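Heads up: the structure comes next, in structure tokens.
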2 protein chains.
Amino acid sequence: MLVSANVSERMSEPPDIGVSVVILALGRASSEESGATDVATTRGNHDARPTLWIPLVRRIKQPFLGDWALPGGNLQSGTSLEDAARTALESTTQLRPRYLEQLYTFGDPSRSHGGLPMVTIAYWALIATTETTQLTGGENVRWFPTTDLPSLAFDHGDIIDYALTRVRNKVEYTDLATRLVGDTFTLSQLREVHEAITGTSLDPANFRRKMLSSGMLEATGSQLSNGKHRPAMLYRYVAHESPHQAHQRRPQGKARHGNAGHTT
Amino acid sequence: MLVSANVSERMSEPPDIGVSVVILALGRASSEESGATDVATTRGNHDARPTLWIPLVRRIKQPFLGDWALPGGNLQSGTSLEDAARTALESTTQLRPRYLEQLYTFGDPSRSHGGLPMVTIAYWALIATTETTQLTGGENVRWFPTTDLPSLAFDHGDIIDYALTRVRNKVEYTDLATRLVGDTFTLSQLREVHEAITGTSLDPANFRRKMLSSGMLEATGSQLSNGKHRPAMLYRYVAHESPHQAHQRRPQGKARHGNAGHTT
DNA sequence: TCAATAGTGTCTGTAAGACAGTATTAG
DNA sequence: CTAATACTGTCTTACAGACACTATTGA
């Protein structure tokens, strides 16, 4: 490999282009020490509050050999940015995203740290977790809670911070929270998602009223019996094109798959 | 130039990287037909409501020869994305931006239209206009009102639409409007900026109260006599780091120049 | 004087938060 | 029965919008 020779040669050429993805899912800390790469979801560990988890890939070459990095890959001509993000996402997790949005493009020359100059187009995605979802990865993939991240390669720590800031902002005025739960959910489950993302504790009565008056929830008619208390009504998310949301569509007239398109 | 031969050769390589800028300034339609590239600002034409104007560059080669395009250039290694945007901006307008923010990265393969595959990192900028500002450009540069744009190259029309959507959203909860006026301004001037961006008509009394209670304005003590009516107090913008705004800082810990950094 | 904009006062509707109270389940 | 969560009622505060009113200028 002629890496170090190439670096100086390429200073007058354009940088390479990478696409990386911050993948977020709701999970609970697993109490069993067997298989530390597993994350218990709704099943088991009902005492622990759920938090956001993220899959990272261990680097197998320099720089940052052995550190953890965001899933991603190089961009080829003929591939759209979003397709490149989907490819990185699905090859890492085998799970389909419920939401995918471009985050930011990072291109400061100082971020390459001895590698080739690289512009990284970052995306973020949300994955629904149900009682049976297993958040496991392959050989060099591991899920981490966002509250306890390992040493990260390049500026990937900054990228994750920015993604979390964006999620915290958008959960307040969009339907993001519904993308982290299953097709049907109770208002308590939805409230736990909000609490996990914002780090706050919300009044159940006020949260209920706010969600029901938003018009984006629809009662399914069935209930969920969860413990030694009154069962809760199950709801499902129903998209509704409010005038406000129509202003927040994505750029480009082309069709975009799999999300309701909220961008600011 | 071996352009057409290069296209097929490069299909397995990464696309080129361009940086384009949507530059916005407040202006009023000029009634004089002499010099159609001029835009009257606050001086003159007081009957016309101000609107957003944007400078475009005429293309001098294929594809889209003769059409208008966003100012921009190719990205070189060793240059940050923001510096590339500043370079494109200042070489086009000779004016310094009061605000600069990354907009979105466009990379769909279909957007090259016979040119080389190109990923475009779009920025948007705000320029302050005062009574004496002349919004003029060079030989192949012309300012257009955003309400009456010409035929645009590539997907630059989509990029402008998205920038305008972003501005409309952010003017509601940030200090963006103050970046389009001079250092001091009356509440009527500031209201006209909001009205120009949102396309609405705002109640002067309620707008005044909302702005003053936001804490971001400070009375200068001097007044502006404008016409045959009571003179208006002049205010200036004072940055205040509210807890809410602290959540909306930009990514990357590096220093960023010349704006208060509002990003969602 | 009038016309025009600057600026104040006040009412109403909406929505968020605090918090008391009722309903229904398991054990 | 108790403990736990589901769900309802209601009070307070804050703020946006509507709109009547006063203040000050140029002509």
Side-chain angles (χ1 to χ4, degrees), chain A residues 42 45-50 169 171-174 177 181 184-195 198-236 242-244, chain B residues 28 42 45-50 131 168-169 171-174 177 181 184-196 198-236 242-244:
Chain A
T42 322
N45 271 50
H46 273 270
D47 29 288
R49 296 290 108 201
N169 283 333
V171 77
E172 303 288 350
Y173 61 95
T174 68
V181 292
T184 67
F185 46 86
T186 68
L187 283 163
S188 287
Q189 289 170 339
L190 195 60
R191 177 169 49 81
E192 281 190 326
V193 176
H194 279 257
E195 290 174 338
T198 62
T200 59
S201 185
L202 299 171
D203 182 295
N206 295 333
F207 180 82
R208 158 185 303 278
R209 251 186 303 267
K210 190 173 170 181
M211 283 300 129
L212 293 180
S213 70
S214 78
M216 72 184 197
L217 299 189
E218 180 183 73
T220 61
S222 45
Q223 295 182 323
L224 177 67
S225 290
N226 226 2
K228 54 172 201 169
H229 53 76
R230 178 172 169 179
M233 179 67 77
L234 283 165
Y235 292 85
R236 74 168 63 86
S242 78
H244 179 62
Chain B
R28 288 182 157 89
T42 323
N45 270 52
H46 273 269
D47 28 287
R49 297 292 106 201
E131 308 208 356
R168 277 192 281 267
N169 284 333
V171 78
E172 303 288 349
Y173 61 95
T174 68
V181 292
T184 67
F185 46 85
T186 67
L187 283 164
S188 287
Q189 289 171 340
L190 195 60
R191 178 169 49 82
E192 281 190 325
V193 177
H194 279 258
E195 290 174 337
T198 61
T200 59
S201 185
L202 298 172
D203 182 296
N206 294 331
F207 180 82
R208 157 185 305 277
R209 252 188 302 267
K210 189 174 170 180
M211 283 300 127
L212 293 180
S213 70
S214 78
M216 71 184 197
L217 298 189
E218 180 183 72
T220 62
S222 46
Q223 296 182 322
L224 177 66
S225 291
N226 226 3
K228 53 172 200 169
H229 52 76
R230 179 173 171 177
M233 179 68 76
L234 283 165
Y235 293 85
R236 76 168 62 85
S242 78
H244 178 62

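Worth saying up front: this structure is predicted, and the values here are computed from it rather than measured. Lettering of chains follows the sequences in order, A, B, ..., and the numbering in each one begins at 1.
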Could you tell me whether the side chain of A:Glu172 and the main chain of A:Asn169 form a donor-acceptor pair under 3.5 Å?
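No: the side chain of A:Glu172 does not pair with the backbone of A:Asn169.
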Using atom types as modelled and distance alone, determine if a side-chain donor or acceptor of B:Thr200 lies under 3.5 Å from a backbone N or O of B:Leu202.
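Judged by distance alone, no pair lies under 3.5 Å.
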Contact list (N/O, under 3.5 angstrom) for nucleotides 19-23 of chain C vs protein:
from   : atom 1 : to       : atom 2 : distance (Å)
C:dA23 : O4'    : A:Arg230 : NH1    : 3.3
C:dA23 : N3     : A:Arg230 : NH1    : 3.4

Rounded distance (Å) that lies between atom [atom2] of [N] and atom [atom1] of [X]:
| X | N | atom1 | atom2 | value |
| --- | --- | --- | --- | --- |
| B:Phe207 | C:dA6 | CZ | C1' | 14 Å |
| A:Glu172 | C:dA15 | CD | C1' | 15 Å |
| A:Gln223 | C:dT24 | CD | C1' | 9 Å |

For B:Arg191 and B:Thr186, run side-chain contact (heavy atoms from CB on, under 4.5 Å): C-alpha distance rounded to whole Å, both residues' side-chain angles, the deciding distance at 0.1 Å, then the answer.
CA-CA 9 Å; B:Arg191 178 169 49 82; B:Thr186 67; over 6 Å; no
Go through the structure and list residues passing salt bridge (Lys or Arg N to Asp or Glu O under 4.0 Å) with B:Arg230, not counting sequence neighbours.
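None.
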When you check the gap from the basic side-chain N to the acidic O, do A:Glu195 and A:Arg49 get nearer than 4.0 Å?
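Salt bridge flag = no for A:Arg49 with A:Glu195.
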Looking at residues at least two apart in the chain, or sitting in another chain, which of them share a side chain to side chain donor-acceptor pair (under 3.5 Å) with B:Ser222?
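For B:Ser222, the residues satisfying side chain to side chain donor-acceptor pair (under 3.5 Å) (neighbours in sequence not counted) are B:Thr220.
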Test side chain to side chain donor-acceptor pair (under 3.5 Å) applied to B:Ser201 - qualifying residues, sequence neighbours left out
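Result, side chain to side chain donor-acceptor pair (under 3.5 Å) vs B:Ser201: none returned.
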Side chain to side chain contact (heavy atoms under 4.5 Å, CB included) against B:Arg208, all qualifying residues, sequence neighbours excluded:
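Residues passing side chain to side chain contact (heavy atoms under 4.5 Å, CB included) with B:Arg208: B:Leu187, B:Leu212, B:Tyr235.
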Both A:His229 and A:Ser213 contact DNA chain C. Which one's nearest nucleotide lies toward the 5' end?
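Looking at the nearest nucleotide for each, A:Ser213 comes out on the 5' side.
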On DNA chain C, nearest-nucleotide positions of B:Leu212 versus A:Lys210: which is more 5'?
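Closest to the 5' end, via its nearest nucleotide, is B:Leu212.
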Could you tell me from which nucleotide to which nucleotide of DNA chain D, 5' to 3', there is an atom under 4.0 Å from chain A heavy atoms?
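So the outermost contacting nucleotides come out as D:dA3 to D:dT10.
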What's B:Ser188 touching, base or sugar-phosphate or nothing? Going by heavy atoms closer than 4.0 Å.
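Sugar-phosphate, no base atom in range.
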